[in-house]
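Report on one structure; see the data block that follows.
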Amino acid sequence: MAFFQDLKARGLVFQTTGDEQFEAWLSDKPRILYCGFDPTADSLHIGSLVPLLMLRRFQLAGHTPIALVGGATGLIGDPSFKAHERALNTPDVVSKWVSRLRTQMSQFLSFEGDASAVMANNLDWTANVDVLTFLRDVGKHFSVNNMIAKESVKQRIEREGAGISFTEFTYMILQSFDFAELNKRYGCELQIGGSDQWGNITGGVDLTRRMNSAQVQGLTMPLVTKADGTKFGKTESGTIWLDAKKTSPYAFYQFWLSTADADVYTFLKYFTFLSVSDIDALEQEDAEREGRPQAQMVLAQEVTRLVHTDVGLEAAERITQAMFNGEEGALSESDLAQLSLDGLPSSTVARAELPATLTQLLTDAGMVTSGKQVKDALGRSAVVINGKPVSVDDNANPQKCFAIDSAMHGQYFITRLGKKKVHLFTVV
RNA sequence: GGAGGGGUUCCCGAGUGGCCAAAGGGAUCAGACUGUAAAUCUGACGCGCGAGCUUCGGUGGUUCGAAUCCACCUCCCUCCA
């Protein structure tokens, strides 16, 4: 299937410039494109995965991707569809985040061959532009009338109780300048981004035409949404990050594994490189089968492998296998040690230092955020230690719950809270 | 600089002297049902095993008693200059 047709079949094309002609333009010859990522944290999260994988899709199709990290724009803050003005981060912090993101982004692209990827940082061409030059050469091309008409800032302008600073309002100009600059430096002629970036992208298209007399294009991808309307990418424990130190491969794998049926085939198209026909076939197969679909597992495997490589995937699968196949009693001592290394949440406590209550212990271990939740779970027999449910009466008696004779291999206690939370305690 | 309107527990949003740890909705967590899914129902949802303790932008004050009244401060919004 032709590249652009494939993107459309995956549902990855939300809007493009040039309407009908876009496809012909794209298939005409290899193009140079870019996508920007602002440093708003010390890691990217799965929200950035769609555009990141999109760059890779383009590269695999023979186009040259430029991954831009927003060392400059990150200092300003993108107001697009944000309800509130945000606090500025210090240059120091932003520059640290920039270097983290660079490393993360580069793992998804290839830096070899004809379509070798390029890494760029917009601070390189904005840091030394003085205000007057910027206002005269760049700002003059923007009509405030047009800018305030953009949907992306509309709620900030119209909404009661909100507002927008000049700083954030200028963001669009800064990003537009990036496109013009990348066009000049690298011959970049396409910018891609999430659908919330449409306003910024068209701003760049206009500016490039005015400053460089060049016609460039834009393409946006849909925002990832869930069928039940809740926010994608967040759980109780927070954001799902790409950094293994912030979200372990196991937690990452589990996140994808619990995708709702209503979303899973869409996500397979968004987040994996499996062909659309394979995904459709899988959907067909799942529909004919009784019980649990295979799709979630395929999704979890594919995405975990993409982000955390085979090593991370294997670790995640080892834990999942051991914890959710009802065979935890059969685990050997070395298996248990491996689970901990693989990223199963675990901690070591000295027997003499066990706290007075289970609520305290499980809260300290990070299984829950408050003792109340443990109490609630205890009342429903939802706390299980080495296969044995613990009751409210045992709360004040951890010594009994973690008695040596109920330990696995003399010191291990697999503690579950609910169906999904597992923690390995080593009591010595 | 002037006039007015706001800042409530993760989010939205009620509450204008005691009945308020604070309505309602959302999110989240746990249970039942299932398939580590969805939907539905149930429970929890500031912290604490508990007695109890700490909250309603901040600091003081009035009062037996304040999220609610007063003063000052701070941040945000709207309009005027």
Side-chain angles (χ1 to χ4, degrees), chain A residues 79 82-88 155-165 167-168 225-240 250-268 283 285-301 304 316-317 319-328 344 354-364 366-384 389-401 415-423:
Chain A
K82 304 277 182 353
H84 303 284
E85 181 89 11
R86 285 158 317 143
L88 293 172
Q155 68 160 322
R156 290 283 288 279
I157 288 169
E158 290 177 356
R159 179 182 153 145
E160 186 76 12
I164 184 167
S165 66
T167 305
E168 282 196 9
T225 54
K226 292 204 290 178
D228 64 8
T230 58
K231 199 167 163 61
F232 169 76
K234 298 267 191 204
T235 65
E236 181 214 15
S237 40
T239 307
I240 307 294
Y250 162 66
F252 188 85
Y253 179 90
Q254 284 287 323
F255 169 81
W256 294 103
L257 201 60
S258 63
T259 303
D261 293 2
D263 295 317
V264 71
Y265 304 101
T266 311
F267 288 3
L268 279 165
E283 183 168 6
E285 207 179 297
D286 279 340
E288 286 161 12
R289 121 198 341 257
E290 290 287 310
R292 192 173 190 189
Q294 291 295 290
Q296 279 85 349
M297 204 181 76
V298 175
L299 177 67
Q301 284 174 345
T304 307
E317 287 187 318
I319 298 175
T320 300
Q321 199 67 14
M323 291 301 122
F324 294 96
N325 278 0
E327 288 166 8
E328 61 182 54
L344 180 71
L354 280 172
T357 57
L358 277 178
T359 43
Q360 183 71 51
L361 180 68
L362 303 196
T363 307
D364 289 350
M367 290 186 81
V368 287
T369 49
S370 85
K372 286 261 170 66
Q373 293 175 35
V374 180
K375 211 177 118 190
D376 180 47
L378 282 169
R380 297 159 188 279
S381 304
V383 177
V384 178
V390 185
S391 80
V392 192
D393 304 332
D394 298 321
N395 184 33
N397 199 351
Q399 292 293 346
K400 179 186 155 206
C401 301
T415 303
R416 293 167 181 277
L417 194 157
K419 284 182 197 131
K420 296 179 185 171
K421 293 176 187 170
V422 188
H423 193 98

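A, B, ... follow the sequence lines: proteins, then strands. Residue 1 opens every chain. No hydrogens, no waters, no symmetry mates; every other heavy atom, side chains included, goes into these values.
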Between A/Arg416 and A/His423, does a side-chain contact (heavy atoms from CB on, under 4.5 Å) hold up when you go through it step by step?
-> CA-CA 6 Å; A/Arg416 293 167 181 277; A/His423 193 98; over 6 Å; no

What's the verdict on side-chain contact (heavy atoms from CB on, under 4.5 Å) for A/Thr304 and A/Tyr250, showing C-alpha distance, side-chain angles and the deciding distance?
-> CA-CA 9 Å; A/Thr304 307; A/Tyr250 162 66; over 6 Å; no

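Taking the P atom of each, B/C73 and B/A23 are spaced 33 Å apart, rounded to whole Å. B/A22 and B/C45: their P atoms are spaced 10 Å apart (whole Å). The P atoms of B/A37 and B/A32 are separated by 11 Å, rounded to the nearest whole Å. Across B/G43 and B/G26, the matching P atoms stand 14 Å from one another, rounded to whole Å. B/U16 and B/A27 are spaced 29 Å apart, taking the C1' atom of each and rounding to whole Å. The C1' atoms of B/C56 and B/A67 are separated by 5 Å, rounded to the nearest whole Å. Going from the P atom of B/G61 to that of B/G15 covers 29 Å, rounded to whole Å. Taking the P atom of each, B/U28 and B/C77 are spaced 31 Å apart, rounded to whole Å.
When both distances must be under 3.5 Å, the Watson-Crick or G-U wobble mate of B/C79 is B/G2. Pair check for B/A39 finds none; no Watson-Crick or G-U wobble contact set falls under 3.5 Å. Base-pair partner of B/A51: not found among the strands shown (Watson-Crick or G-U wobble, both distances under 3.5 Å). Across every strand in view, B/C72 sits in a pair with B/G58 that passes the Watson-Crick or G-U test at under 3.5 angstrom. Here B/A22 sits opposite no nucleotide as a Watson-Crick or G-U wobble pair (both hydrogen-bonding atom distances under 3.5 Å). The partner of B/A44, taking Watson-Crick or G-U wobble pairs whose two distances both stay under 3.5 Å, is B/U28.
No hydrogens or angles considered: nothing links the side chains of A/Gln296 and A/Ser258 as a donor-acceptor pair under 3.5 Å. Using a 3.5 Å distance cut-off with no hydrogens or angles, the side chains of A/Thr369 and A/Gln373 do pair a donor with an acceptor. A/Lys375 and A/Thr359 are not linked by any side-chain donor-acceptor pair at a separation below 3.5 angstrom, with hydrogens and angles left out of the test.
Considering only residues two or more places apart in sequence or on other chains, A/Phe267 meets the ring pair (Phe, Tyr, Trp, His ring centres under 6.0 Å) condition with A/Phe232, A/Phe271.
The side chain of A/Ser370 has B/C47 as its nearest neighbour among B/G35, B/C47, B/C49.
A straight line from CG of A/Leu378 to C1' of B/G50 spans 15 Å, rounded to a whole angstrom. Spacing between atom CD of A/Gln254 and atom C1' of B/G35 amounts to 14 Å, rounded to whole angstrom units. In this structure, A/Arg289 atom CZ and B/A37 atom P are separated by 17 Å, rounded to whole Å. Look at CD on A/Glu290: it is 13 Å from C1' on B/U34, rounded to the nearest Å. Rounded to whole Å, atom P of B/U34 lies 19 Å from atom CZ of A/Phe324. Note: CG (A/Asp263) to C1' (B/A38) measures 10 Å, nearest angstrom. The CD atom of A/Glu328 sits 15 Å away from the P atom of B/U36 (whole-angstrom rounding). The CG atom of A/Asp261 sits 8 Å away from the C1' atom of B/G35 (whole-angstrom rounding).
Using a cutoff of 4.0 Å between basic side-chain nitrogens and carboxylate oxygens, A/Asp376 and A/Arg380 are scored as salt-bridged.
Among the protein residues, A/Thr320 comes within range of the nucleic acid bases, having at least one heavy atom under 4.0 Å from a base atom. Contact annotation for A/Ala396: no contact, since no heavy-atom pair falls under 4.0 Å across all strands. A/Glu85 comes within 4.0 angstrom of no nucleic acid atom, judged by non-hydrogen atoms across all strands.
Partner of A/Gln360 under the side-chain contact (heavy atoms from CB on, under 4.5 Å) criterion, chosen from A/Leu358, A/Thr357, A/Leu362: A/Thr357.
Toward the 5' end of RNA chain B, the nearer of the two residues A/Gln360 and A/Ile164, judged by each one's closest nucleotide, is A/Gln360.
The side chain of A/Lys372 contributes no N or O atom lying less than 4.0 Å from OP1 or OP2 of B/G43. Within the structure, a side-chain polar atom (N or O) of A/Thr359 is placed less than 4.0 Å from OP1 or OP2 of B/C49.
For the pair A/Glu168 and A/Arg156, the minimum side-chain heavy-atom distance is below 4.5 Å.
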Any N/O pairs under 3.5 Å between the protein and nucleotides 20-30 of chain B? List them or say none.
| residue | atom | partner | partner atom | Å |
| --- | --- | --- | --- | --- |
| B/C29 | O3' | A/Lys421 | NZ | 3.3 |

